[in-house]
Participant: 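Following this message is one structure expressed as structure tokens.
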Amino acid sequence: MTDLTALRTDLFVDGTWRPARAGRRLDVVDPSTAEPITSVADAEPADALLAVEAAATARPGWSARPPRERAEILRRCYEAMIEREDELAALISMENGKALPDAHGEVRYAAEFFRWYAEEAVRIIGDVSLAPSGTNRILVQHQPIGVAVLVTPWNFPAAMATRKIAPALAAGCAAVLKPAAETPLTAYAIAEILHGAGVPAGVVNVVTTGDPGPVVSAMLHDPRVRALSFTGSTQVGRLLLREAADQVLKCAMELGGNAPFIVFDDADLDDALDGVLIAKMRNGGQACTAANRIYVQEGLRERFVAGLTARMAALTVGPGTAPTTLCGPLIDQRSVAKVDRLVTEAVAGGARVVLGGTPLPGPGYFYPPTVLDGVAPEARLAREEVFGPVAGVIPFRTEDEVVAAANDTEHGLAAYVYTRDLARGLSVADRLESGMVAINRGLVSDPAAPFGGVKQSGLGREGARDGLREYTEAKYVALNW
């Protein structure tokens, strides 16, 4: 069990822990009980600007550090996270509610970003070429962009932080992290790890607030800030892009998803069922990459629904920190109400409840694993991110039909395809309007691969070398010798 008395709960600015200037505090609630765990400092814009000042002051020294030194520090961050896996997983389960197996997986995934970017920090390589005219040489360098504001969501409080912090540090940038108000404790634990690994004071600052609009806006309008990386809803992303335009900031946006999960008749049924359980039920369905629309070809539909129902029914629902739990609570009561509304409307539109379908009683924010068959394509359940443990099955007949249906959304983050025919899988992947496609896999994310979407699922990429470039600018020098 996590020692609550040892938790850091103040703002982390310029290498020190300090209360918010106004002395305000913000409760952190355990979604498994709906009871407060502790409280954290509740920042106002003035606190955030102090963090920006600290980052701007620390940035030149950090940028000047040899890449190998930055890499070694990132490597130590990876090792520290792995050493503290049990502690960090328990903390994530407590404030986020996700089941412990999920939380352990998140810690390992989050740590990998430190290891990957430790290796990439020494490979920010430019190039030299001869101009086509032959009159001069073209020298291109990739330089750190400067101070970055990082805004992360509550559903993966460790991984979304490290996926931004690691490439920013590898590139030589300084940063201010604004984590979600629901899950700030994990961010502060990561700040401790960074400090202990040797990240200099001011290079990474963490500011929590219950009123993010004015706090983030103040940072985005500070001329010392040059980049914004945001993970969250498309609606909030649009607002932040408008704010960022005032200072012409470089923006990386990982926004909402509405992932199709397509199962053709020739798919391996057991593999498809194993895959859909991963794609649908990571963090209880509260993931931007979650399978949101499950399209099953008519020849396999009946057996698929039966198999999915059996697997979903076997998932033990309970507090995230309980050792037997496989499906924890949703993050808050508003989320329960939204999921229930989407299910109710889908049933009214003709869907059949095969499993679950109503909120669970008692303390905490619980909704059971739910299977709906025959969901209408126009149902809001198939048009909006569900962000809950609800699997809605939609039948289809032909490849052209399912590709058109899968693309009929403003989103384009992730997609999943199951078929034994590799040529068909690759052909469908080419036709899907999605930034990421998994073929015969229920897990698409990897630190070594570019993560991001098309259409209104975002701008830019995280992970891989692409994620590092989000924190650099190309400088061209024309020279003769």
Side-chain angles (χ1 to χ4, degrees), residues 257-282 285 289-315 342-343 345-357 369-384 386 389-409 411-434 436-444:
N258 188 9
F261 190 100
I262 301 170
V263 183
F264 287 98
D265 282 344
D266 68 345
D268 183 299
L269 178 60
D270 286 333
D271 283 352
L273 289 170
D274 290 343
V276 77
L277 207 66
I278 295 169
K280 174 72 261 183
M281 293 301 292
R282 285 181 71 211
T289 56
N292 214 52
R293 298 168 290 157
I294 302 172
Y295 296 101
V296 184
Q297 204 162 17
E298 284 286 10
L300 199 61
R301 173 185 168 193
E302 186 175 331
R303 287 188 294 148
F304 183 92
V305 171
L308 175 59
T309 302
R311 281 166 165 78
M312 294 279 275
L315 298 176
L342 293 176
V343 169
E345 291 179 7
V347 172
R352 177 174 65 93
V353 178
V354 186
L355 179 71
T370 295
V371 178
L372 303 181
D373 188 22
V375 174
E378 65 273 12
R380 285 210 299 159
L381 187 82
R383 309 297 299 179
E384 301 179 11
V386 178
V390 178
V393 176
I394 304 170
F396 75 92
R397 293 183 298 278
T398 68
E399 179 181 315
D400 287 345
E401 172 194 346
V402 76
V403 169
N407 289 338
D408 185 20
T409 173
H411 298 296
L413 185 60
Y416 306 85
V417 179
Y418 271 78
T419 175
R420 284 192 175 97
D421 185 341
L422 182 58
R424 167 188 266 173
L426 291 171
S427 172
V428 170
D430 279 348
R431 298 171 65 190
L432 290 173
E433 296 169 354
S434 179
M436 301 177 288
V437 180
I439 299 177
N440 297 329
R441 281 185 58 79
L443 183 64
V444 68

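These numbers were taken from a predicted model, which means no experiment stands behind them. Computation of the quantities below employed the complete heavy-atom set of this structure, encompassing side-chain atoms and omitting hydrogens, waters and symmetry-equivalent molecules.
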Participant: Is it true that Asp400 and Arg431 have a side-chain N and a carboxylate O under 4.0 angstrom from each other?
Facilitator: yes
Participant: Quick one: pull up CG in Leu308 and NZ in Lys280 and give me the separation to the nearest 0.5 Å.
Facilitator: 10.0 Å
Participant: Within the side chain of Arg293, is there an N or O that forms a donor-acceptor pair under 3.5 Å with the backbone of Ala406?
Facilitator: yes
Participant: Quick one: CG on Asp408 to CD on Glu378, what's the gap to the nearest 0.5 Å?
Facilitator: 10.5 Å
Participant: Go through the steps for Leu273 and Leu277 under the test side chain to side chain contact (heavy atoms under 4.5 Å, CB included), then give the verdict.
Facilitator: CA-CA 6 Å; Leu273 289 170; Leu277 207 66; over 6 Å; no
Participant: Is a donor on one side and an acceptor on the other found under 3.5 Å between the side chain of Thr309 and the backbone of Val305?
Facilitator: yes
Participant: Under the side chain to side chain contact (heavy atoms under 4.5 Å, CB included) rule, what do Asp271 and Asn440 come out as? Steps first, then yes or no, please.
Facilitator: CA-CA 7 Å; Asp271 283 352; Asn440 297 329; over 6 Å; no
Participant: List the atom of Pro395, the atom of Gly374, and the distance in Å for their closest heavy-atom pair.
Facilitator: CD-CA, 4.3 Å
Participant: Under 3.5 Å, side chain of Asn292 to main-chain N/O of Val386, donor-acceptor pair present?
Facilitator: yes
Participant: Identify the two heavy atoms, one from Tyr295 and one from Ala405, that lie closest to each other, and give their separation to 0.1 Å.
Facilitator: OH-O, 3.5 Å
Participant: Compare every heavy atom of Gly257 with every heavy atom of Leu413, then report the nearest pair and how far apart it is.
Facilitator: CB-CA, 4.1 Å
Participant: Return the minimal non-hydrogen interatomic distance between Leu432 and Ala415, and the atom names on each side.
Facilitator: CD1-CB, 3.8 Å
Participant: Start with the C-alpha distance between Leu372 and Val353, add both sets of side-chain angles, then the distance that settles side chain to side chain contact (heavy atoms under 4.5 Å, CB included), and finish with yes or no.
Facilitator: CA-CA 5 Å; Leu372 303 181; Val353 178; 3.6 Å; yes
Participant: What distance do Asp373 atom CG and Arg301 atom CZ have between them, rounded to the nearest 0.5 Å?
Facilitator: 4.0 Å
Participant: Would you give the length of the straight line joining atom CD of Gln297 to atom OG1 of Thr419, rounded to the nearest 0.5 angstrom?
Facilitator: 8.5 Å
Participant: Quick one: does any side-chain atom of Asn258 pair with a main-chain N or O of His411 as donor and acceptor, under 3.5 Å?
Facilitator: no
Participant: More than 12 heavy atoms of other residues, nucleotides or ligands under 6.0 Å from CD of Glu302: yes or no?
Facilitator: no
Participant: Of all the heavy-atom pairs spanning Ala391 and Met312, show the shortest one and how long it is.
Facilitator: CB-CE, 4.2 Å
Participant: Evaluate Leu342 against Val390 for side chain to side chain contact (heavy atoms under 4.5 Å, CB included), listing each step before the verdict.
Facilitator: CA-CA 10 Å; Leu342 293 176; Val390 178; over 6 Å; no
Participant: Heavy atoms only: give me the nearest Pro389-Met281 pair and the separation to one decimal.
Facilitator: CB-CE, 3.5 Å
Participant: Answer whether the closest heavy-atom distance between the side chains of Leu443 and Arg282 falls below 4.5 Å.
Facilitator: yes
Participant: In Å, rounded to the nearest 0.5 Å, how long is the span from OG1 of Thr289 to CD1 of Ile278?
Facilitator: 11.5 Å
Participant: Does the side chain of Thr409 reach to within under 4.5 Å of the side chain of Glu433, using non-hydrogen atoms?
Facilitator: no
Participant: Should Val393 and Val375 count as side-chain neighbours, where that means a heavy-atom distance under 4.5 Å?
Facilitator: no
Participant: Can you name the one residue among Tyr416, Tyr418, Phe396 that meets ring pair (Phe, Tyr, Trp, His ring centres under 6.0 Å) with Phe264?
Facilitator: Phe396
Participant: Hey, could you give me the CZ/CG distance between Arg420 and Asp266, rounded to the nearest 0.5 Å?
Facilitator: 7.0 Å
